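Everything on this sheet refers to the single structure shown next.
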2 protein chains.
Amino acid sequence: MEEPLTPKRSVTVADVARAANVSKATAARVLGGYGVVSDKVREQVLAAAAALEYRPNELARSMTTGKSGIIGVVVGDIENAFFSLAVRGISDVARMAGFNVIIANSGEELDAEKSAVDLLIGKRVDGLIVTPARCDRMEHLQDIRRVGVPLVLFDRNIPALGVDAVTGDDLDAAMIATRHLLDTGHRRIAYISAMDTESEFLDDSRSISNSAVRERVEGVLKEQADAGIAKARYYVRLGATDQPKTDGVVKSLLQDAAPPTALIASDSLVGLRIFKTLQTLGLSIPRDISMISFLDADWTTVTTPPITVVDQPVYEMGKKAAERLISRLNGKDLPVERTVIKTGLIKRGSVASPSRSNDQ
Amino acid sequence: MEEPLTPKRSVTVADVARAANVSKATAARVLGGYGVVSDKVREQVLAAAAALEYRPNELARSMTTGKSGIIGVVVGDIENAFFSLAVRGISDVARMAGFNVIIANSGEELDAEKSAVDLLIGKRVDGLIVTPARCDRMEHLQDIRRVGVPLVLFDRNIPALGVDAVTGDDLDAAMIATRHLLDTGHRRIAYISAMDTESEFLDDSRSISNSAVRERVEGVLKEQADAGIAKARYYVRLGATDQPKTDGVVKSLLQDAAPPTALIASDSLVGLRIFKTLQTLGLSIPRDISMISFLDADWTTVTTPPITVVDQPVYEMGKKAAERLISRLNGKDLPVERTVIKTGLIKRGSVASPSRSNDQ
DNA sequence: AATAGCATTGAGACCGGTCTCTTTTTGCAT
DNA sequence: ATGCAAAAAGAGACCGGTCTCAATGCTATT
């Protein structure tokens, strides 16, 4: 009569053992797939398990083994195609190796990142892949190592930490993009980033706490310095975090007495926003202004014109990071390795020589 | 001398208790935040915990409480903006309620979905949100209920299961889109879906196992039937799973003696692919052909022309699903509820009256 | 001063697995 | 038959928390 609609207690090894008339240890051996058991007994246990619909409790298993089979990933923003693609790379590799992935968003904020890390460590993840929001604050990351959880940094490196890191070659990528614009005849090149700061302007590139952002800015500046361009730093603008802000940044640049003739977007989200801004302003690309975006996002090929982009093999970067972490999880102690993934430039239609009128 | 570089054993309540000179139970009370403890003792324990850098083992905690604080989510493909946006909605709500989210991809395959569900139940997730790949196979989903884990279906419903479901109003959405095209003068409207089947053609819409896909197809057909259009079903094509296949589907449609004058894409990925195909073919939208895509993806606003879309409030759908699940997790037994989220049409520039030449 | 009564703290079982160690069976050689 | 090593099965501790229940201490009441 009191058929339990929701069987409150789940079936355990002990239950199966009882049903199969063997000891808990024996049942555990066949159910857990370890130790030696005779074929006859194995059959019995398996039959009993099937009849009872036994499902192993991974939690209990993890508790005793100390391994959870979970890899924790902390990224800035999964919405961003960059991260979601990277996460897929990580997940694919992880799944193949029998690991699961828990993803946590930091929103690029240090506190959120800290608590995400705490949380994941609490869940006893076997390893961690983190995109550090800032490269100058690393106490919580040192904690990770102290606890003994392998860590791989992603997209941004903190050399002082002494852990594996997988990053793009941001300096080089920025230089290539800049050089392309210089070669095309541009002399006033703006670099627009979504980095959140007090000022829209850049004082000193060394003060940028995010290594990826810093390297790109330095790449842009270095290439221009080599070309003998003076006011390069003036054209580096930060804070394009949403559409209105991006509109503001772009407009302020274009209203300048000497407006830039080319724009470089620090990521595909910024790129999309800039494109929309320019569209709103009724500017034609590349006639009125040229642009290059980081990341070969899908929208960049369907615009008119299609956008020239810095191609980052993000999926591969994610894979690489996961592979590194997993080999460290299995293997003993590998030397710390910094993997830098080369990036390329895909030339499409958004770059042209600056028009005379602009190139006063 | 033998300073352990990697402290193999983590600090436990027992360690803290010992350091604080109190019983394990007392230390556990303050560390676990339950029961009553005097302020004095609390201080001691907290101090000891801090000194030892105690970190609770959530696994052990989950084991005894039976709650893992994790919500499992099984989606078709996180790459798809539809799912990634939904997942963010789910995650946001979950985080606010103190839950974590584990995401599993099914790739829209039943077997993968089954094992994902098994895996998540093994991890003892507190609840599950699943996007069932097929609505005609539900043994594994019944298992979930039998185990006593609350389940919410997302995007697709299986009424026979008798569980909560949050879906879009796909029938209505398809009808609205179709009506818009009819109103604009189109009489040959193609619906292109990424659904993977043997045949590119549709025999009987009732044979479609995915309820969302089915409803959309039925919406398209119904609206045309009401308008007295005869060969509507002929223009429903499936299998646009990647760019080459999409190219094929579109080309075969356009090479028909009576080619469609308008295309409806079943999701934003298919939409993007169709757009690229049309671009490759040198067709001008909406002059040569009109199109509507499902989902207001970001790329749809930067194309020339911008794409008219069926706007699905996916983020809200995700939120709603998570809210439902969580209230079921907390509350007692609510009645089964099917939430249908209204969708709208955002008219942009990709629909126009069919040109005379096409409308022979 | 004795004792009821409440606030704290302590002891120890328990969750559901894994795993070591011990005991019992089995198989085969002598 | 008998011995003995190897194989199979059983007992029970353990992982790191939670939680029940008992014990202790202190204040308040009469």
Side-chain angles (χ1 to χ4, degrees), chain A residues 7-46 48-49 52-70 119 121-126 147-148, chain B residues 7-46 48-49 52-70 119 121-126 147-148:
Chain A
K8 50 286 301 174
R9 226 180 54 76
S10 50
V11 180
T12 72
V13 260
D15 296 327
V16 175
R18 205 169 306 124
N21 273 316
V22 298
S23 73
K24 180 185 156 193
T26 303
R29 270 188 273 260
V30 8
L31 262 18
Y34 59 90
V36 203
V37 191
S38 69
D39 288 344
K40 202 192 92 212
V41 173
R42 163 167 291 106
E43 298 297 301
Q44 287 176 37
V45 174
L46 254 22
L52 269 50
E53 296 192 4
Y54 166 79
R55 287 162 181 277
N57 182 334
E58 297 294 343
L59 248 44
R61 187 167 283 171
S62 298
M63 254 215 63
T64 52
T65 59
K67 323 259 89 211
S68 62
I70 296 179
L119 182 117
I121 287 187
K123 297 270 183 224
R124 290 300 187 268
V125 293
D126 292 341
V147 174
Chain B
K8 50 286 300 175
R9 223 181 54 75
S10 50
V11 180
T12 72
V13 258
D15 296 327
V16 175
R18 206 170 305 123
N21 274 315
V22 297
S23 73
K24 181 184 155 195
T26 302
R29 270 189 274 260
V30 7
L31 263 18
Y34 58 90
V36 202
V37 191
S38 69
D39 289 344
K40 201 191 95 214
V41 173
R42 164 168 290 107
E43 297 296 302
Q44 288 175 37
V45 174
L46 254 22
L52 269 51
E53 296 192 4
Y54 167 79
R55 286 162 181 279
N57 183 334
E58 297 293 343
L59 248 45
R61 188 168 283 172
S62 297
M63 254 216 64
T64 52
T65 59
K67 322 260 89 210
S68 62
I70 296 179
L119 182 118
I121 287 187
K123 297 269 183 221
R124 289 301 188 268
V125 293
D126 292 340
V147 174

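All values reported here derive from a predicted model rather than from experimental measurement.
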TODO: Give the rounded distance in Å between these two atoms: OH of B:Y34 and C1' of D:dC21.
DONE: 14 Å
Task: Closest to side chain of B:A28, choosing from D:dG17, C:dT9, D:dT18 - done: D:dT18
Open item on the list: Nearest whole Å is fine: how far is C:dG16 P from B:L59 CG?
Closed with: 14 Å
Open item on the list: Looking at every non-hydrogen atom in both residues, tell me the closest pair between A:S10 and B:R124 and how far apart they are.
Closed with: OG-NH2, 3.7 Å
Task: Atom-to-atom span, CG of A:N57 to P of C:dC14 - whole angstrom - done: 18 Å
TODO: Nearest whole angstrom, please: distance from the P of C:dT18 to the CG of A:L31.
DONE: 8 Å
Open item on the list: OP1 or OP2 of C:dT8 versus the side-chain N and O atoms of B:S38: is any pair under 4.0 Å?
Closed with: no
TODO: Please check if the side chain of B:S62 supplies one atom and the backbone of B:K67 the other of a donor-acceptor pair under 3.5 Å.
DONE: yes
Task: Sub-4.5 Å side-chain heavy-atom contact between B:V22 and B:V16 - done: no
TODO: Scan A:V30 against the nucleic acid and name what it touches under 4.0 Å (heavy atoms): base, sugar-phosphate only, or nothing.
DONE: nothing
Task: Interatomic distance, A:M63 CE vs D:dT18 P [rounded to whole Å] - done: 11 Å
- [ ] Return the minimal non-hydrogen interatomic distance between B:R61 and B:P56, and the atom names on each side.
- [x] NH2-CB, 3.5 Å
Task: Interatomic distance, B:R61 CZ vs C:dC15 C1' [rounded to whole Å] - done: 15 Å
TODO: Might you work through the side chain to side chain contact (heavy atoms under 4.5 Å, CB included) test for B:V11 and B:R55, ending with a clear yes or no?
DONE: CA-CA 7 Å; B:V11 180; B:R55 286 162 181 279; over 6 Å; no
Task: Sugar-phosphate only, base, or nothing, as touched by B:V16 at under 4.0 Å among non-hydrogen atoms - done: nothing
Open item on the list: The side chain of A:T64 is closest to which nucleotide in this list: C:dG16, D:dG17, D:dA9?
Closed with: C:dG16
TODO: Write down the distance between CZ (A:R124) and C1' (D:dG16), rounded to a whole number of angstrom.
DONE: 9 Å
Open item on the list: Pick the closest DNA chain D nucleotide for A:R42 and for B:A14 by heavy atoms, then say which residue is nearer the 5' end.
Closed with: A:R42
Task: Comparing B:K40 and A:T65 on DNA chain C - which has the more 5′ nearest nucleotide - done: B:K40
Task: Pair of N/O donor and acceptor under 3.5 Å linking D:dG10 base with A:R29 side chain - done: yes
Open item on the list: Tell me whether the side-chain N/O atoms of A:S23 come closer than 4.0 Å to OP1 or OP2 in D:dA9.
Closed with: no
- [ ] Starting at atom NZ of B:K24, determine the distance to atom P of C:dT8, rounded to an integer number of angstrom.
- [x] 23 Å
TODO: Remember a base hit wins even if backbone is also touched, and classify B:V36 as base, sugar-phosphate or nothing at under 4.0 Å, heavy atoms.
DONE: base
